[in-house]
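Structure first, commentary second.
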Amino acid sequence: MPELPEVETIRRDLTASIVKRQIAAVEILSPKTASHSAAFFKRELVGRKIMAVSRRGKLLIITLSSGKDEVVNSEGINYLLIHLKMTGQLIYLDKKNRVAGGHSLNTKVETEKLPNSHTRAYLVMDNGGHLYFNDMRKFGYLKLATKKELDALIEKNYGPEPLTPEFTLETFKKALSRTNLKIKAALLNQKLIAGLGNIYVDEVLWEARIRPERLVPSIRPEELKKLFLAINKIIALAIESRGTTFSNYVDSQGRSGNFSKFLKVYGRGGEKCPKCHNPLQKTKIAGRGTHYCPICQK
DNA sequence: GTGTTTGTTATCAA
DNA sequence: CTTGATAACAAACA
């Protein structure tokens with residue numbers, strides 16, 4: 001389940017591996033995964049350069065040059081947007097590792113067998129590197145977009161972005177000020193706060209000692225502050241650890257994230273709370289598996 | 001065959 | 001009109 005820290009890890013790695021490279025070929029293996037036809041993808045992408053890899057929430061944004069030159073034209077398709085949803089993976093193999101099968105890496109993916117049965121599309125770069133988009137459940141997508149479309153999409157769907165200057169205690173409080181949702185549902189809502197998913201919401205609420213079923217208006221200002229600090233702390237720590245692998249996530253080199261061993265509650269229903277040693281509960285809130293400590297969290 | 005997993009959106013009710 | 005609750009999607013696993 002790639003959330004903000006996992007997508008950020010991939011973004012950073014891809015910045016090193018594909019920025020300033022030219023796209024030599026495009027293959028769309030699963031048409032449903034792509035916003036346009038395979039022919040349109042090839043026509044638009046082949047020959048362009050990757051200018052930047054950025055991110056908004058869980059959305060990966062690849063900025064394209066207008067042609068071979070390092071120019072971003074303001075008209076036409078300027079972006080390749082990639083959303084990994086639940087089981088999406090982006091695996092980059094340079095020419096050497098493709099031939100060697102990636103054996104030198106501590107990899108969870110059998111890179112010598114790429115593309116595999118879950119590969120939905122891939123890009124070939126001018127240096128022989130291949131970027132594979134794998135997605136077992138086919139929820140993820142590749143979308144070509146103009147600047148106008150991207151701006152509208154972000155405006156419509158994404159609230160403040162953690163770890164940026166816009167994410168202050170004030171903007172956090174403001175985002176939550178007009179909702180009566182349960183706090184778990186509110187934190188999962190990308191329009192209120194961008195980037196958190198089921199794992200980090202449970203972790204953040206445990207850290208802030210707040211029960212997931214609490215209604216947002218019932219949360220006191222000092223609790224909101226603890227929650228704000230918990231979001232910043234846990235997201236930063238998870239990025240440092242290159243994300244969490246619970247079932248499916250791997251980084252662009254096919255490796256697991258290291259934050260899994262720091263999870264306090266997610267996936268630990270029935271185990272002891274690390275703080276008070278009473279059993280952790282597992283329930284369903286907002287339609288999602290929810291893990292919390294009934295003693296520590298009020 | 002049944003239930004469970006989740007990011008996001010569609011659908012419906014209030 | 002808005003807000004919120006829930007179903008649906010897809011595919012694999014226990």
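Throughout, a chain's letter reflects where its sequence line sits, starting with A, and its residues are numbered from 1.
Atom CZ in A:R137 sits roughly 14 Å away from atom C1' in B:dT8 (whole-Å rounding). Rounding to whole angstrom units, CG of residue A:L59 and C1' of B:dG7 are separated by 12 Å. One interatomic measurement links the two molecules: CG of A:L81 to C1' of B:dT8, which rounds to 15 Å at whole-angstrom precision. Rounded to an integer number of Å, the gap from A:L188 CG to B:dT5 P is 14 Å. Atom NZ of A:K32 is separated from atom C1' of B:dT8 by 13 Å (rounded to the nearest Å). Here B:dA13 presents its C1' atom at 16 Å from CG of A:N180, a figure rounded to the nearest Å. Per the geometry, CZ belonging to A:F246 stands 15 Å off P belonging to B:dT4, to the nearest Å. In this entry the distance linking NZ of A:K143 with P of B:dG7 reads 21 Å, nearest Å.
Backbone-only engagement by A:K282 is indicated by non-hydrogen atom pairs under 4.0 Å involving sugar-phosphate atoms exclusively. No engagement by A:T87 is indicated, since no non-hydrogen atom pair under 4.0 Å with the nucleic acid exists. No contact: A:Y141 has no heavy atom under 4.0 Å from any strand.
With respect to the salt-bridge test (charged N to carboxylate O, under 4.0 angstrom), the residues A:K225 and A:E222 do not qualify.
Side-chain to base pairing of A:R288 with B:dT4: no donor and acceptor N or O lie closer than 3.5 Å to each other.
Comparing A:G289 and A:K191 against DNA chain B, the residue whose closest nucleotide sits nearer the 5' end is A:G289. Toward the 5' end of DNA chain C, the nearer of the two residues A:A286 and A:M136, judged by each one's closest nucleotide, is A:A286.
Boundaries of the chain A contact region on DNA chain C are C:dG4 to C:dA12, first to last in 5' to 3' order (nucleotide atom under 4.0 Å from a heavy atom).
Connectivity analysis of hydrophobic side chains (ILVMFWY, heavy atoms under 4.5 Å, direct or indirect) links A:V265 to A:W206, A:L280.
Checked against A:T290 for a side-chain hydrogen bond (donor to acceptor under 3.5 Å, both in side chains), the options A:K282, A:K284, A:K182, A:K184 give a single hit: A:K184. Exactly one of A:T87, A:N248, A:T119 qualifies for a side-chain hydrogen bond (donor to acceptor under 3.5 Å, both in side chains) with A:N134. That residue is A:T119.
Ring geometry for A:F262 against A:F259 counts as tilted: the plane angle lies between 30° and 60°, on a 0 to 90° scale.
Distance from the side chain of A:N157 is smallest to B:dT9 among B:dT5, B:dT9, B:dG7. Taking only side-chain atoms of A:Q190, from C-beta outward, the nucleotide of B:dG7, B:dT8, B:dT5 with the closest atom is B:dT8.
The two residues A:L114 and A:L93 make their nearest non-hydrogen contact at CD1-CD1, 4.0 Å.
In summary, the aromatic rings of A:Y266 and A:F246 are positioned with their centroids under 6.0 Å apart.
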